[in-house]
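Report on the following structure.
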Amino acid sequence: MKDEEEEKYKWWEENNDNDEIKWHSLKHNGVLFPPEHVPLPSHVKLYYDKKPVDLPIQAEEVACFFDFKKIVLEHGGANVEIESFDKCDFSKIFDHYETQKSLKKSLTAAQKREIKSEKDKFEEKYKYCLLNGRRERVGNFRIEPPGLFRGRGSHPKTGRVKKRIYPEDVSLNLSEDAPIPPPPEGHQWKEIKHDNTVAWLATWRENVTNTVKYVLFAADSSLKGRSDFKKFEKARELKKYIHRIRKDYKKNFSSKVMLERQMAVATYLIDVFALRAGGEKAEDEADTVGCCSLRYEHVTLKPPNTVVFDFLGKDSIRYYQEVNVHEKVFKNLRLFKKSPKQPGDDLFDRLTPNILNKHLQNYLPGLSAKVFRTYNASKTMQDQLDLIPNEGSVGEKVVKYNAANREVAILCNHQRTKPKSHDMGVQRISDNIRELFWQKLRLKRMILELDKSLKKTKPYYFEELDDLSVEEEQAIQDRVIAKEREKATKKFTRDNEKLKTEDSPLLPEAMLEEKLKKIDELAAEYKKELKTRKPEIKSVTVTVEKLESQVEKLEQRIRNATLLLQDKEDNSQVALGTSKLNYIDPRLTAMFSKKYDVPIEKLFSKTLREKFAWAIESADENWTF
DNA sequence: TGTTCCACTTAGTAAAAGTGCT
DNA sequence: AGCACTTTTACTAAGTGGAACA
């Protein structure tokens, strides 16, 4: 397409005072439905108690689901009465799909590309809409496919069947004069709306949680951009009020009115520990809490002023913090826990997010609990960035930027599960560091071989020669040799495979033998060194200076690898993305990029650059939050 | 005055895409 | 070109908060 030539609409250069009206005209092509269920071939069946089962087609689609039995009955039952799930044998069906999967995988790269481009072409028209006459991207234009509901944490509805959505379930929203996208053959839309006070293009209701789902504009759209901008401007406005708010809640720690005390303590927790508002949750949802819904058992008090928070927050992510709090906060928490209160009871029994937000509105219209998270996240980022010296390589500056980002993520308790490959990766890097260290020691030993007197004149330089035990050196050598062997063998088989496809004569086995023999010799040499500590110097042109500069290079590599290792470890359970996407004012990143001369590409991915184009273009190197 | 509904933002994870090696 | 890993994007669940409803 000709995307790059198209003039990008710079909404931030226009002012827009009316945000009640979301659009003046809106045309789009509707939504993309998931592919129909492809019926199984007649020889692939579910077996019940060894007998083949003819399933209704809807039940066939959800074969394997928890409430499978229910779906079978709902659709008229099967030829066999299914009573016990244990007797169901899904293996034929499973195998069928496994075969299809591997068939797909075995396609050539060209075939895969072909399929992909067909798919892209088909989806193209759903990706964009016309918003006020301008072409803008649509977000999630795909209708969610049927499947099992995967709740987070221990959700009472985990595993229920999320039903297939038909056009009859979907309402569209567009201009009155916009053509109505034709529904799929033989179907009707549920409803056509023309409501320009809302920002959705399509909506339907999901059957498991009974919640409304929407098709919205993409993150880089003018509409989303404007609302993001407003969010950060509101958080910046809070700067002007935060001192008074803090003064007031400290005063109200001693209020005679219980509600005021609870409000004061809750505001303190939201402000200092970045807790969420914490609305009430229903019986059929996961038991998670935020500030206002904290219960007796979530807070443990340790005099004189230590509090242990331990609860499941949004997405059932654990919040565990042992912290020191303001002395009056401690006393108040003790009061809020006083008998007859017991486990299961609300800590803030007079308070709801609504009451709290109403109170906050008095300071600043539009101020609510969530604004504090945005404010404190961006404030923390600004403070952290201010500490970074403007020096060093781009890579080093990026590492420091990420460290600042991490502070914010920790404040907001943004976690992720440790990647599966993490422990292995850590092992690999630390092995590598020890290997580099060993290579460095060998160089230093060589230096002494060339000039023994240096040991006396530069003793500190050779101190670390004793830092490696014979056992460890042996272990490192073994690893190095094993790696060399593997490398040689792998290269040999690979080369031969290539020759085989070319119908060329293969390399003789002897060639590999030869290589391996060389490696054996190297191993013997190392083994000797283990005792003598005198590595053989193979080149006649070697000088002390040359070796010293090699040592320096190794030291730089060790420093880099150590930083990498530290970074990996620190990031293993912290998710940086969420705060970058939602909480840190992107103008801070734009400022950092300009002031520290770090290309924005190193800080923002392509989608983030698109989402935050307004920030990148409007903030200079002096911008402050 | 509490509850439900609606619209939207925020969230972690699965899947896709990219990268850096041989 | 393929592997092994990392980064980015897509997906959709789970929050927030204001308005409508009872």
Side-chain angles (χ1 to χ4, degrees), chain A residues 22 108-109 112 116 139-145 147 149-153 155 157-158 162 173 195 197-200 203 205-206 208-219 223-224 227-228 230-231 276-282 285-286 288-293 312-317 352-358 360-361 366-374 377 409 412-417 419-422 424-425 428-429 483 486-495 497-498 501 564 568 571 573-583 604-611:
Chain A
K22 302 293 167 91
T108 66
K112 283 181 195 163
K116 174 102 174 29
N140 53 324
F141 53 85
R142 259 176 261 269
I143 294 288
E144 294 172 15
F149 171 77
R150 309 266 293 176
R152 316 261 167 84
H155 195 295
K157 292 183 171 177
T158 296
K162 229 172 75 170
N173 188 34
D195 183 354
T197 68
V198 294
W200 53 263
T203 183
R205 196 174 281 277
E206 182 264 300
V208 176
T209 54
N210 195 34
T211 50
V212 184
K213 300 280 190 160
Y214 299 94
V215 172
L216 301 164
F217 292 94
L223 231 120
K224 288 276 196 186
S227 107
D228 233 25
K230 263 185 54 196
K231 172 182 78 180
R276 296 187 185 82
E280 281 304 315
K281 294 197 70 186
E285 297 176 280
T288 63
V289 299
C291 184
C292 295
S293 49
L312 297 182
K314 181 176 177 181
D315 291 296
S316 295
I317 295 295
T352 65
N354 200 254
I355 295 169
L356 182 62
N357 287 336
K358 287 251 167 69
L360 294 172
Q361 309 280 319
L367 182 60
S368 63
K370 81 193 270 282
V371 179
F372 283 79
R373 261 168 90 81
T374 313
C412 296
N413 200 41
H414 291 144
Q415 299 185 18
R416 60 167 182 164
T417 49
K420 279 200 294 292
S421 59
H422 174 76
M424 240 170 51
R428 199 164 36 86
I429 298 169
K483 261 200 286 190
E486 204 187 315
K487 221 164 73 184
T489 318
K490 265 199 178 152
K491 183 172 163 34
F492 182 79
T493 28
R494 218 185 17 251
D495 287 353
E497 262 162 28
K498 198 176 162 195
T501 58
L564 186 74
K568 197 183 180 74
N571 274 342
Q573 265 143 288
V574 182
L576 303 190
T578 306
S579 49
K580 209 181 210 181
L581 193 63
N582 300 302
Y583 287 106
F604 279 161
S605 67
K606 180 167 163 283
T607 36
L608 282 189
R609 291 197 297 277
E610 283 163 2
K611 171 176 160 119

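Every chain is numbered from 1 and lettered A, B, ... according to where its sequence line falls, protein lines coming before strand lines. What's counted below: heavy atoms across the whole structure, side chains too, no hydrogens, waters or symmetry copies.
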Practice problem: Verify the contact: side-chain N or O of A:Ser368 to OP1 or OP2 of C:dT16, cut-off strictly under 4.0 Å; return yes or no. | Solution: no

Practice problem: Kindly point out which of B:dT10, C:dC5, C:dG18 is positioned nearest to the side chain of A:Lys231? | Solution: B:dT10

Self-check item: Whole-Å gap separating P (C:dC11) and CD1 (A:Ile143)
Solution: 12 Å

Exercise. Measure from the side-chain heavy atoms of A:Glu206 and tell me the nearest of C:dC5, C:dT16, C:dA13.
Key: C:dA13

Self-check item: Interatomic distance where NZ belongs to A:Lys370 and P belongs to B:dA11 [whole Å]
Solution: 9 Å

Quiz item: Judged by modelled atom types alone, do A:Thr209 and A:Lys157 share a side-chain donor-acceptor pair under 3.5 Å?
Solution: no

Quiz item: Phosphate oxygens OP1/OP2 of C:dA13: is one of them under 4.0 Å from a side-chain N or O of A:Lys314?
Solution: no

Quiz item: When you check the phosphate oxygens OP1 and OP2 of C:dG17, does a side-chain N or O of A:Asn357 lie under 4.0 Å from one of them?
Solution: yes

Self-check item: Contact under 4.0 Å: A:Lys281 side-chain N or O vs C:dG15 OP1/OP2
Solution: yes

Practice problem: Check whether any side-chain N or O of A:Thr288 sits under 4.0 Å from OP1 or OP2 of C:dG15, and answer yes or no. | Solution: yes

Quiz item: Just by modelled atom types, is the A:Ala286 backbone N or O under 3.5 Å from a matching donor or acceptor in the A:Lys281 side chain?
Solution: yes

Quiz item: Which part of the nucleic acid does A:Ile317 contact within heavy-atom distance under 4.0 Å: base, sugar-phosphate only, or nothing?
Solution: sugar-phosphate

Quiz item: Over how many whole Å does the gap from A:Leu581 atom CG to B:dA11 atom P extend?
Solution: 9 Å

Quiz prompt | Proximal nucleotide (of C:dT16, C:dG15, C:dC5) relative to the A:Arg428 side chain | solution = C:dC5

Self-check item: Where A:Ser316 and A:Arg152 come nearest, the two heavy atoms and their spacing
Solution: OG-O, 3.7 Å

Exercise. Name the residue closer to the 5' end of DNA chain C, choosing between A:Ala286 and A:Gly366 according to the nucleotide with the nearest heavy atom.
Key: A:Ala286

Quiz item: Separation of A:Lys213 atom NZ from B:dT9 atom C1', in whole Å?
Solution: 14 Å

Practice problem: Taking only the side-chain heavy atoms of A:Asp315 (C-beta and beyond), determine which of B:dG12, B:dA7, C:dG17 contains the nearest atom. | Solution: B:dG12

Quiz item: Can you tell me if the side-chain N/O atoms of A:Arg373 get under 4.0 Å from OP1 or OP2 in B:dT9?
Solution: no

Quiz item: Looking only at side-chain N and O atoms, does A:Arg142 come under 4.0 Å of OP1 or OP2 in C:dA10?
Solution: no

Quiz item: Between the base of C:dT8 and the side chain of A:Lys606, is there any donor-acceptor pair under 3.5 Å?
Solution: no

Quiz item: Under 4.0 Å between a side-chain N/O of A:Tyr583 and OP1 or OP2 of B:dA11, yes or no?
Solution: yes

Quiz item: Counting side-chain heavy atoms from CB outward, which of C:dG15, C:dT6, B:dC8 is closest to A:Lys568?
Solution: C:dT6

